[in-house]
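The next block holds one structure in the form of structure tokens; read it before the comments.
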Amino acid sequence: MGTVVEAANKGASGSILQKRNPTIVFVLGGPGSGKGTQCANIVEHYGYTHLSAGDLLRAEIKSGSENGTMIQNMIKEGKIVPSEVTIKLLQRAMEESGKDKFLIDGFPRNEENRAAFEKVTGMEPSFVLFFDCPEEEMERRLLNRNQGREDDNIETIRKRFRVFLESSVPVISYYDAKGKVRKIDAARPVEEVFASVKAIFEPKNEKAD
Ligand code: ADP
Ligand code: AMP
């Protein structure tokens, strides 16, 4: 079995989606910065389809797939699951949805994710929504999340913070240099954060220029 990039080079993937020319918004921010919470609001108001990389990976574990145990172990350690797994899940979800406006939440998590996604799908995000939040606040939120997540314990949370700083922040910097980052102060109450989100999603600003 080849990698996703090899598959793309053979022209094996990306085409169905590419033809639909979908709008893609990457939603990034540290663990607990409120990505999922705000994505739910954006779906409700602006008709996007929300795809959370973490949710797709957790569903893959539950489905009993051959990769399930590997994914579960990586999530427990706060590590980044290999691109070929995550990108396949995202591509499948986009194709099966039949929709053309996507919020991709929690992806790309590192430079390799980013480069592989662009190469495999032939698509780039219109812009990147970045929820900026201090670690102390994110830690408080995650410890109170109460969704029974195996990775919401202090030891894994600290590992996830380190991975975010070392691997994901450079991705945000990459898109910032291209003028594609829309940064939001996410340390405020949900409604205030959403007021800033709305200003970005109003129709005239929907596509980055
Ligand atoms: P992420 O998807 O970035 O990991 P979530 O949206 O799941 O973050 O939010 C983490 C926790 O913090 C949840 O319990 C959520 O209800 C809560 N939360 C989200 N946004 C805020 C906010 N602006 N202020 C306080 N708590 C929040
Ligand atoms: P999240 O639900 O976004 O908090 O993600 C939970 C965990 O899933 C992360 O700590 C990673 O282990 C894994 N994960 C989520 N998104 C990705 C991704 N894009 N690439 C690789 N692993 C991911």
Side-chain angles (χ1 to χ4, degrees), residues 4 24 26-44 50-62 67-91 93-94 102-118 120-121 125 128-172 184-197:
V4 272
I24 291 176
F26 286 152
V27 182
L28 298 177
S33 57
K35 301 181 295 296
T37 302
Q38 295 299 331
C39 282
N41 285 333
I42 298 165
V43 166
E44 195 182 319
H50 176 210
L51 300 177
S52 154
D55 286 351
L56 288 169
L57 290 165
R58 285 183 285 274
E60 189 70 358
I61 297 171
K62 278 212 187 115
N67 287 320
T69 310
M70 178 273 288
I71 297 171
Q72 188 166 26
N73 289 333
M74 298 203 78
I75 288 182
K76 236 186 270 171
E77 289 300 312
K79 290 185 179 157
I80 294 172
V81 175
S83 284
E84 48 264 46
V85 174
T86 318
I87 292 175
K88 262 185 207 149
L89 292 174
L90 286 170
Q91 255 187 321
M94 285 192 281
F102 299 101
L103 295 170
I104 302 193
D105 161 6
F107 182 95
R109 285 288 227 267
N110 61 14
E111 269 298 297
E112 198 266 331
N113 271 182
R114 180 196 66 69
F117 181 87
E118 289 181 7
V120 170
T121 65
V128 175
L129 204 53
F130 167 38
F131 291 107
D132 189 26
C133 195
E135 278 192 9
E136 307 80 69
E137 175 64 15
M138 295 194 286
E139 187 177 300
R140 225 182 343 263
R141 291 180 188 176
L142 292 174
L143 291 174
N144 286 311
R145 182 149 60 178
N146 284 329
Q147 286 179 355
R149 277 179 52 168
E150 265 191 300
D151 56 350
D152 280 350
N153 61 79
I154 192 64
E155 197 188 330
T156 309
I157 287 169
R158 297 250 155 95
K159 288 180 183 165
R160 290 157 69 198
F161 285 160
R162 194 161 355 106
V163 169
F164 175 70
L165 281 179
E166 288 172 2
S167 302
S168 309
V169 168
V171 175
I172 297 166
I184 288 174
D185 173 4
R188 298 167 296 155
V190 173
E191 302 72 32
E192 284 183 34
V193 176
F194 188 54
S196 300
V197 168

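All values below come from the heavy atoms of this structure, side chains included, with hydrogens, waters and symmetry mates left out. Order of listing sets the numbers, starting from 1, for every ligand and every atom in it.
- Taking CZ of F26 as the start and CD1 of I104 as the end, the distance is 5.5 Å to the nearest 0.5 Å.
- At a heavy-atom cutoff of 4.0 Å, ligand 2 is contacted by the side chain of D151 but not by its backbone.
- Separation of atoms CZ (F102) and CD1 (I24) is listed at 7.5 Å; rounding is to 0.5 Å.
- The side-chain contact (heavy atoms from CB on, under 4.5 Å) with E155 is formed by just one residue from the set N153, I157, D151; it is N153.
- Atom 8 (O) of ligand 2 has its nearest heavy-atom neighbour, among L90, I104, I75, in I75.
- Scanning the protein heavy atoms around atom 12 (O) of ligand 2, the nearest turns out to be K79 O, 2.5 Å.
- Ligand 2 places these atoms under 4.0 Å from at least one heavy atom of F107: 19 (N).
- Summarising the geometry of A187 relative to C133, their closest heavy-atom pair is CA-SG, 4.0 Å, with the distance given to 0.1 Å.
- Residue-ligand proximity, R160 to ligand 2, at heavy-atom distances under 4.0 Å covers atoms 4 (O), 10 (O).
- At the top of the distance list for atom 20 (N) of ligand 2, counting protein heavy atoms only, stands N113 OD1, 3.5 Å.
- Each of the atoms 2 (O), 6 (C) of ligand 2 lies under 4.0 Å from some heavy atom of R58.
- Judged purely by atom type and a 3.5 angstrom limit, Q38 uses its side chain to pair as donor or acceptor with the backbone of V190.
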What does the contact table look like for ligand 1 (nitrogen or oxygen on each side, cut-off under 3.5 Å)?
residue  : atom   : partner : partner atom : Å
ligand 1 : 2 (O)  : G36     : N            : 2.9
ligand 1 : 3 (O)  : S33     : N            : 3.3
ligand 1 : 3 (O)  : G34     : N            : 3.1
ligand 1 : 3 (O)  : K35     : N            : 2.9
ligand 1 : 3 (O)  : K35     : NZ           : 2.9
ligand 1 : 4 (O)  : G32     : N            : 3.0
ligand 1 : 4 (O)  : R145    : NH1          : 3.1
ligand 1 : 6 (O)  : G36     : N            : 3.4
ligand 1 : 6 (O)  : T37     : N            : 2.9
ligand 1 : 6 (O)  : T37     : OG1          : 2.6
ligand 1 : 7 (O)  : R145    : NH1          : 2.8
ligand 1 : 8 (O)  : G34     : N            : 3.3
ligand 1 : 23 (N) : R141    : NH2          : 3.4
ligand 1 : 23 (N) : R188    : O            : 2.8
ligand 1 : 23 (N) : V190    : N            : 3.4
ligand 1 : 24 (N) : R141    : NH2          : 3.3

Stepwise salt bridge (charged side-chain N to carboxylate O under 4.0 Å, His left out) test for R140 and E136: CA-CA 6 Å; R140 225 182 343 263; E136 307 80 69; over 6 Å; no

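- Only the side chain of R149 comes within 4.0 Å of ligand 2, counting heavy atoms alone; its backbone N, CA, C and O stay farther away.
- In this structure the side chain of T86 never reaches within 4.5 angstrom of the side chain of L56, judged on heavy atoms.
- Looking at I80, L57, D55, V85 and measuring to atom 23 (C) of ligand 2, the nearest heavy atom belongs to L57.
- Distance from atom 21 (C) of ligand 2 to its nearest protein heavy atom, with residue and atom name: V81 N, 3.0 Å.
- Scanning both residues, N110 and N113, for their nearest heavy atoms gives OD1-N, 2.7 Å.
- Between D152 and R141 there is no salt bridge, since none of the side-chain N atoms of the basic residue sits less than 4.0 Å from a carboxylate O of the acidic one.
- Relative to atom 1 (P) of ligand 2, the option among R114, K35, R109 with the closest non-hydrogen atom is R109.
- Between K88 and E84 there is no salt bridge, since no side-chain N of the basic residue sits under 4.0 Å from a carboxylate O of the acidic one.
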List the atom pairs, with distances to 0.1 Å, where a side-chain N or O of residues 162-171 and a protein N or O form a donor-acceptor pair under 3.5 Å, not counting sequence neighbours.
residue : atom : partner : partner atom : Å
S168    : OG   : R109    : O            : 2.8

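- Nearest protein heavy-atom contact of atom 19 (N) of ligand 2 is G106 O, 2.9 Å.
- Not a single heavy atom of E77 sits closer than 4.0 Å to an atom of ligand 2.
- Here CD of E150 is found 8.5 Å from OG1 of T156. Values are rounded to the nearest 0.5 Å.
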